[in-house]
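Report on one structure; see the data block that follows.
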Amino acid sequence: MALRSAAAAAPRSLRRLITGTSTRTLPIISHAIHDWEKPEPSTNAFLSGRLFSSASTSSFIPPPLPPSAQQREMPEPSTNLFVSGLSKRTTTEKLHEAFAKFGEVVHARVVTDRVTGYSKGFGFVKYATLEDAAKGIEGMDGKFLDGWVIFAEYARPRPPPGNNGFPNGSQ
């Protein structure tokens, strides 16, 4: 009878095991219930004592940043802007319309995936003058477009063809 009352307090999977067993397996089940009722040792003592003790200090020192990452060159001001963080729903027309508020937009283009036709998340806007481009960056950088925060900056020139983006031209 004590086994049945312990079975009522046991987890569901253990209860199913107890109710459909023979007398031969009952001693095994009673040991399982007894072990289940024992409180587990506190893991907090282990964590606070060994892993996070104040006596041990981490010797990990992050590697220094390469010079190229420390001082990332700012792109030269140009009339062409790179816009990132675009939503998949953003179209070329919406991009043109959003940036036209800050100057005369000559051309706007959202780069799309060839298969799905959805935006890849970035695009380009070309203004008529440098002043308009500066106003476009100031007006749209960090602002919302189609529910997403977008970032606008001067576009960097394309690398020369043939080197595949590697500095020494080989791989």
Note to self: Would you say NZ of Lys135 has more than 12 non-hydrogen atoms from neighbouring residues, nucleotides or ligands within 6.0 angstrom?
What the structure shows: no
Check: Any side-chain heavy-atom pair from Phe122 and Val83 closer than 4.5 angstrom?
Finding: no
Per-pair distances, 0.1 Å, donor-acceptor, side chain in residues 75-82, under 3.5 Å, sequence neighbours excluded:
{"unit_1": "Ser78", "atom_1": "OG", "unit_2": "Asn80", "atom_2": "N", "d": "3.3"}
{"unit_1": "Ser78", "atom_1": "OG", "unit_2": "Asn80", "atom_2": "O", "d": "3.2"}
{"unit_1": "Thr79", "atom_1": "OG1", "unit_2": "Lys126", "atom_2": "NZ", "d": "3.4"}

Next item on the list: May I ask whether Ile150 and Tyr154 are part of the same hydrophobic cluster, defined by side-chain heavy atoms of I, L, V, M, F, W, Y residues being less than 4.5 angstrom apart, directly or through others?
Entry: yes
Next item on the list: Give, for atom CE of Met140 and atom CD of Glu153, the distance between the pair rounded to the nearest 0.5 Å.
Entry: 14.5 Å
Next item on the list: List, by chain and number, the other hydrophobic cluster members for Phe144, where Ile, Leu, Val, Met, Phe, Trp and Tyr join if side-chain heavy atoms come within less than 4.5 Å, directly or indirectly.
Entry: Val149, Phe151
Considering only distance and modelled atom types, tabulate donor-acceptor pairs under 3.5 Å from the side chains of residues 100-112, sequence neighbours left out.
none

Next item on the list: Indicate the atoms forming the closest heavy-atom contact of Tyr127 with Gly136, along with that distance.
Entry: OH-CA, 3.5 Å
Check: Would a 4.5 Å heavy-atom cut-off, applied to side chains only, mark Leu86 and Leu95 as touching?
Finding: yes
Item checked: ILVMFWY clustering at 4.5 Å (side-chain atoms), partners of Tyr118 -> none
Check: Closest approach of Arg89 and Lys94, non-hydrogen atoms and distance?
Finding: O-NZ, 3.9 Å
Item checked: Cluster companions of Trp148 among Ile, Leu, Val, Met, Phe, Trp, Tyr (side-chain spacing under 4.5 Å) -> none
Next item on the list: List in chain and number order the residues that pass salt bridge (Lys or Arg N to Asp or Glu O under 4.0 Å) with Asp141, two or more places apart in sequence or in another chain; answer none if no residue qualifies.
Entry: none
Next item on the list: Enter the distance from Lys88:NZ to Thr116:OG1 here, rounded to the nearest 0.5 Å.
Entry: 7.0 Å
Margin query: Give me the atom names and distance for the closest heavy-atom approach of Lys143 to Glu138.
Written below: NZ-O, 4.5 Å
